[in-house]
Amino acid sequence: QLQLVESGGGLVQPGGSLRLSCAASGFTLGDYGIGWFRQAPGKEREGVSCISSSSGDTNYADSVKGRFTISRDNAKNTVYLQMNSLKPEDTAVYYCAADSLGTSVQAMCVLGSRYLEVWGQGTLVTVSS
């Protein structure tokens, strides 16, 4: 059974940092592109950052460029999202999802919420003073 599990969310003050992890079980994460998505209350799910299976390509939403970094450790079957300089508008449930189609990271981030089939349960990030 393909499964993704996110962890690392929590409450952080503005300007703080968190590192989210997305761990895979039941499949080899290195064969998949991975995307991080988030959904704030009352808003649609949006792509935050995506990484190709080889780690050669990454993509970031404009709102997080320069603050977030996506990376992967295929030996640990885990993808990370390092989030720095957090803002209240980053508050959301963060999800990771796996892409087996070899979709470009740009397309994965923009369209992934519509077609990706393997999702984690999400981890809540709250940025507040």
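Only this structure's heavy atoms are used, side chains among them; waters, hydrogens and symmetry mates stay out.
- A heavy-atom distance below 4.5 Å is not found between the side chains of Tyr95 and Val48.
- Between the side chain of Arg114 and the backbone N or O of Val110 there is no donor-acceptor pair closer than 3.5 Å.
- Between Met83 and Val12, every side-chain heavy-atom pair lies at or beyond the 4.5 Å cut-off.
- Rounding to the nearest 0.5 angstrom, the gap separating the CZ atom in Arg45 from the CG atom in Leu116 is 10.0 Å.
- When every heavy atom of Ala40 is checked against every heavy atom of Ala92, the shortest pair comes out as N-CB, 3.8 Å.
- Considering all non-hydrogen atoms of both residues, Leu4 and Ala98 come closest at CD1-N, 3.8 Å.
- The hydrophobic clustering, which links ILVMFWY residues whose side-chain heavy atoms are closer than 4.5 Å, places Phe68 and Tyr80 apart.
- One finds the CH2 atom of Trp119 at 14.5 Å from the CG atom of Leu2 (value rounded to the nearest 0.5 Å).
- Criterion: ILVMFWY side-chain heavy atoms under 4.5 Å apart, direct or through other members. Under it, Leu29 and Val5 are not part of a common hydrophobic cluster.
- When the side chains of ILVMFWY residues are joined at heavy-atom separations under 4.5 Å, either directly or via intervening members, Val118 and Leu20 end up in a single hydrophobic cluster.
- Here the closest non-hydrogen pair linking Gly35 and Cys50 is CA-SG, 3.7 Å.
- For the pair Glu6 (side chain) and Gly122 (backbone), a donor-acceptor distance under 3.5 Å is present.
- For the pair Thr123/Ser7, no side-chain contact is recorded, criterion being any heavy-atom separation below 4.5 Å from C-beta on.
- Counting heavy atoms from C-beta on, the side chains of Ser128 and Leu11 come closer than 4.5 Å.
- The hydrophobic clustering, which links ILVMFWY residues whose side-chain heavy atoms are closer than 4.5 Å, places Tyr60 and Leu18 together.
- Side-chain contact check for Thr103 and Tyr115: at least one donor-acceptor pair (N or O, by modelled atom type) lies under 3.5 Å.
- The hydrophobic cluster containing Ile51 also contains Phe27, counting ILVMFWY residues as joined when their side-chain heavy atoms lie under 4.5 angstrom apart, directly or transitively.
- By the 4.5 Å heavy-atom criterion applied to side chains, Ile70 and Trp36 are counted as neighbours.
- Atoms CD and OG, on Gln39 and Ser113 in that order, are 8.5 Å from each other to the nearest 0.5 Å.
- In summary, the aromatic rings of Phe37 and Tyr94 are positioned with their centroids too far apart to meet the 6.0 Å limit.
- One finds the OG1 atom of Thr91 at 8.5 Å from the CG atom of Leu86 (value rounded to the nearest 0.5 Å).
- Defined by atom type and a distance below 3.5 Å, a donor-acceptor pair is missing between the side-chain atoms of Ser53 and Asp31.
- To the nearest 0.5 Å, atom CZ of residue Arg72 and atom CG of residue Asn77 are 9.0 Å apart.
- The closest side-chain heavy-atom distance from Ser17 to Gln82 is below 4.5 Å.
- Atom-to-atom distance recorded for Ser129:OG and Gln13:CD is 7.0 Å, nearest 0.5 angstrom.
- Lys65 has a carboxylate O that lies under 4.0 Å from a charged side-chain N of Asp62, or vice versa, which qualifies the two as a salt bridge.
- Ile34 is not listed as a side-chain neighbour of Asp99, based on a closest heavy-atom distance of 4.5 Å or more.
- For the pair Pro88/Pro14, a side-chain contact is recorded, criterion being any heavy-atom separation below 4.5 Å from C-beta on.
- Among Glu89, Glu46, Glu44, the one residue that satisfies the salt bridge (Lys or Arg N to Asp or Glu O under 4.0 Å) test with Arg38 is Glu46.
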